[in-house]
Chemist: 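Structure provided below as structure tokens; questions to follow.
Order of listing sets the numbers, starting from 1, for every ligand and every atom in it.
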Amino acid sequence: MDHRYAGTAELTGTPRVAVVVDVMRAFTVAAWAFARGAARIVLAASEGEALDLKRTRPGWLALKDGAPAPGFDTVNSPGLVQALDLRGRTVVQKTTAGTVGALAVADAPLVLCAGFVVAEATARFLRASGAGAVTFVVTGEQGRAAEDLACAEYIAHRLADDTADPAPYLRRATASRAAADLAEGLRLGYRGVHPDDVALCLEAGRFPFAMRVRREGSLVVLRPTAAPHRSSDGPGALFSPLLATL
Ligand SMILES: O=C(O)[C@H](CS(=O)(=O)O)OP(=O)(O)O
Ligand SMILES: [Mg+2]
């Protein structure tokens with residue numbers, strides 16, 4: 001299959017099928033937010049927009065990358081988000097790379113967001129959808145981030161072979177600059193980094209759902225979506241018990 005791999009700034013036109021990859025950490029965080037019960041994630045274009053959305057919608061939470069900041073409820077850290085109770089909540093997310101990449105392709109007919117934690121479900125969803133060739137948006141380091149490229153190539157491999165082994169792809173991600181930067185941030189005591197973040201970003205297939213982006217009125221919204229348990233199952237064939245609890 002003739003997949004394409006492009007950084008956000010390299011995109012030309014609107015792809016038919018896009019998978020936006022941000023392993024460290026936006027879409028690992030998004031998956032954890034859904035696992036902790038979030039109903040939906042609204043992708044914001046700026047920190048100001050995130051705070052405006054939160055201010056005008058009672059009960060919404062706002063999340064950003066970097067250090068904690070006034071007005072924001074939490075940060076872009078799976079280690080921190082996994083401890084939250086987000087049942088039924090709407091979370092507004094703004095990060096440097098991941099959310100920017102998703103907004104850039106929000107008009108495509110099918111857009112999924114992914115990290116390793118949902119890689120296998122993403123491949124199953126794509127296969128069940130008959131998606132064909134995919135444009136992978138590699139959000140980190142102008143399209144060159146080793147962890148995002150490894151995850152994108154793993155999803156493509158799983159699309160072709162649903163027994164493909166994640167281990168070589170995870171090794172590349174483990175050796176990435178982003179993983180080293182998070183470890184260094186932890187060593188230097190940066191706020192907004194949790195000791196478990198790198199490990200949580202490198203759990204292939206942790207969650208059974210894919211994550212789909214759609215426009216809903218004026219908002220760009222990410223929601224979990226059921227993926228068949230096996231690639232041979234049809235769309236929506238078998239729903240995970242976890243999804244039933246979200
Ligand atoms: O929070 C993150 O890990 C990054 C911040 S940065 O790009 O490393 O400065 O954001 P993300 O959009 O999740 O890559
Ligand atoms: Mg990233």
Chemist: Nearest heavy-atom pair of Glu147 and Ala178: which atoms, and what distance?
Modeler: OE2-CB, 3.3 Å
Chemist: For the residue pair Arg212 / Thr225, report whether a side-chain donor-acceptor contact shorter than 3.5 Å exists.
Modeler: no
Chemist: Give me the nearest non-hydrogen protein atom to atom 3 (O) of ligand 1 as residue plus atom name, then the distance to 0.1 Å.
Modeler: Arg25 NE, 2.9 Å
Chemist: With ring pair (Phe, Tyr, Trp, His ring centres under 6.0 Å) as the test, pick out the partner of Phe207 among Phe125, Phe34, Trp32.
Modeler: Trp32
Chemist: How far is atom 1 (O) of ligand 1 from the closest protein heavy atom, and which atom is that?
Modeler: Asn76 ND2, 2.8 Å
Chemist: N/O of Gly98 under 3.5 Å from N/O of ligand 1, yes or no?
Modeler: yes
Chemist: Testing the 3.5 Å rule here: is there a donor-acceptor pair between the side chains of Glu120 and Tyr154?
Modeler: yes
Chemist: I want to confirm something. Looking only at heavy atoms, which of Val75, Val29, Asp65 is nearest to atom 5 (C) of ligand 1?
Modeler: Asp65
Chemist: Return the name of the atom in Asp22, of element N, O or S, nearest to the Mg ion (ligand 2).
Modeler: OD1
Chemist: Taking NZ, NE, NH1 and NH2 as the nitrogens, is one of them in Arg144 or Glu141 under 4.0 Å from a carboxylate oxygen of the other?
Modeler: no
Chemist: So for atom CZ, which belongs to Arg214, do other residues, nucleotides or ligands contribute more than 12 heavy atoms lying within a distance under 6.0 Å?
Modeler: no
Chemist: Is the Mg ion (ligand 2) less than 2.8 Å from at least one N/O/S atom of Thr95?
Modeler: no
Chemist: Using a 4.0 Å cut-off to any heavy atom of Ala26, which atoms of ligand 1 qualify?
Modeler: 13 (O)
Chemist: Using protein heavy atoms only, decide if any is under 4.0 Å from atom 8 (O) of ligand 1.
Modeler: no
Chemist: Decide whether an N or O pair under 3.5 Å exists between Leu182 and ligand 1.
Modeler: no
Chemist: Distance to 0.1 Å, residue and atom name: give those for the protein heavy atom nearest to atom 12 (O) of ligand 1.
Modeler: Thr95 OG1, 2.6 Å
Chemist: Check whether the side chains of Ser77 and Asp197 place a donor and an acceptor atom closer than 3.5 Å, and report yes or no.
Modeler: yes
Chemist: Near the Mg ion (ligand 2), is there an N/O/S atom from Asp148 that is less than 2.8 Å away?
Modeler: no
Chemist: Within the 4.0 Å heavy-atom shell around Ala97, which atoms of ligand 1 are there?
Modeler: 11 (P), 12 (O), 14 (O)
Chemist: Could you walk me through whether Thr96 and Asp65 pass side-chain hydrogen bond (donor to acceptor under 3.5 Å, both in side chains), step by step?
Modeler: CA-CA 7 Å; Thr96 303; Asp65 60 358; 2.5 Å; yes
Chemist: Under 4.0 Å, heavy atoms only, figure out whether ligand 1 is touched by the backbone of Asp22, its side chain, both or neither.
Modeler: side chain
Chemist: Identify whether the distance between the nearest side-chain nitrogen and carboxylate oxygen of Asp107 and Arg215 falls below 4.0 Å.
Modeler: yes
Chemist: Before signing off on this row, confirm whether Thr99 and ligand 1 have an N or O atom pair separated by under 3.5 Å.
Modeler: no
